[in-house]
Amino acid sequence: QVQLVESGGGLVQSGGSLRLSCAASGTILNVYSMGWYRQPPGKQRELVARITWSGSTNYADSVKGRFTISRDSAKKTVYLQMTSLKPEDTDVYYCNFEGAGALAEYLEVWGQGTLVTVSS
């Protein structure tokens with residue numbers, strides 16, 4: 001099993017910064033990618049940013065230039081540095097893990113979510 005531990009959410013003023021962290025633990029043979037998603041009210045969960053373990057990244061258009069995703073391969077941890085935050089970034093942010101378990105089986109795991117609140 002893979003467990004994800006998220007941290008770093010909180011309350012920040014518009015224009016401020018936060019850094020989210022998500023650490024994966026458990027029996028992991030390979031990590032394919034990790035990322036962050038959010039789910040605006042009444043909408044489907046949407047990608048915020050994702051990084052493959054080879055280093056490729058992709059971002060939602062709404063966060064390009066403001067958010068940066070990075071990873072520490074040895075710690076199996078992904079970070080999301082969020083700057084120039086806007087009230088519309090307010091949401092619960094969910095960490096996502098894709099990889100292979102002990103028997104090389106495909107695994108996709110979601111974190112419990114961390115709340116980011118941006119006040120105007």
Side-chain angles (χ1 to χ4, degrees):
Q1 280 192 339
V2 174
Q3 297 81 39
L4 300 178
V5 177
E6 302 157 323
S7 62
L11 173 64
V12 65
Q13 288 189 331
S14 182
S17 299
L18 281 175
R19 190 174 85 148
L20 306 183
S21 300
C22 175
S25 63
T27 307
I28 299 170
L29 185 62
N30 276 313
V31 181
Y32 301 150
S33 70
M34 293 182 71
W36 292 93
Y37 291 71
R38 62 191 182 191
Q39 188 163 9
K43 296 185 178 181
Q44 289 189 333
R45 192 169 291 185
E46 62 183 25
L47 173 72
V48 177
R50 177 179 171 269
I51 186 167
T52 68
W53 237 233
S54 61
S56 298
T57 59
N58 57 304
Y59 296 89
D61 288 343
S62 60
V63 307
K64 283 180 181 176
R66 300 189 298 123
F67 292 10
T68 303
I69 192 167
S70 60
R71 68 170 169 12
D72 184 325
S73 300
K75 295 181 179 179
K76 295 185 180 62
T77 299
V78 64
Y79 306 96
L80 185 67
Q81 180 67 48
M82 304 185 292
T83 63
S84 302
L85 282 160
K86 305 175 182 179
E88 52 263 43
D89 294 318
T90 294
D91 213 324
V92 177
Y93 286 68
Y94 297 93
C95 180
N96 174 266
F97 166 97
E98 290 186 273
L103 302 178
E105 76 278 21
Y106 171 77
L107 295 174
E108 182 177 26
V109 180
W110 291 92
Q112 298 221 340
T114 184
L115 177 63
V116 171
T117 304
V118 184
S119 63
S120 56

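Count residues from 1 along the sequence. What you see below is based on every heavy atom in this structure, not just the backbone, and it leaves out hydrogens, waters and symmetry mates.
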>> Let me check something: do L18 and Y37 share a hydrophobic cluster, defined by ILVMFWY side-chain heavy atoms less than 4.5 Å apart, either directly or through other members?
In response: no
> Just by modelled atom types, is the L103 backbone N or O under 3.5 Å from a matching donor or acceptor in the E105 side chain?
Replying inline: yes
> Between E98 and S33, does any side-chain donor sit less than 3.5 Å from a side-chain acceptor?
Replying inline: yes
> Looking at SG of C22 and CZ of R71, how far apart are the two atoms once the value is rounded to the nearest 0.5 Å?
Replying inline: 14.5 Å
> Any side-chain heavy atom of S25 within less than 4.5 Å of one from K76?
Replying inline: no
>> Quick one, L4 and W110 - any side-chain contact, counting heavy atoms below 4.5 Å?
In response: no
> If every non-hydrogen atom of T114 is compared with every non-hydrogen atom of E6, which pair is closest and at what distance?
Replying inline: N-OE1, 3.9 Å
> Any donor and acceptor pair, going by atom type alone, linking the side chain of D72 with main-chain N or O of A74 inside 3.5 Å?
Replying inline: yes
> Does any non-hydrogen side-chain atom of C95 lie less than 4.5 Å from one of V78?
Replying inline: yes
> Are any of the side-chain nitrogens in D89 or K86 under 4.0 Å away from the carboxylate oxygens of its partner?
Replying inline: no
> Going hydrophobic residue to hydrophobic residue with side-chain gaps under 4.5 angstrom, can you get from V109 over to I69?
Replying inline: yes
> Are L47 and V92 connected, step by step, through hydrophobic side chains (Ile, Leu, Val, Met, Phe, Trp, Tyr) whose heavy atoms are closer than 4.5 Å?
Replying inline: yes
>> Would N96 and R50 count as a side chain to side chain contact (heavy atoms under 4.5 Å, CB included) here? Give the steps.
In response: CA-CA 9 Å; N96 174 266; R50 177 179 171 269; 5.8 Å; no
>> When you group the ILVMFWY residues by side-chain heavy-atom contacts below 4.5 Å and let the links chain together, are V118 and Y94 in the same group?
In response: no
> With the 4.5 Å side-chain cut-off for hydrophobic clustering, are Y79 and V12 part of the same group?
Replying inline: no
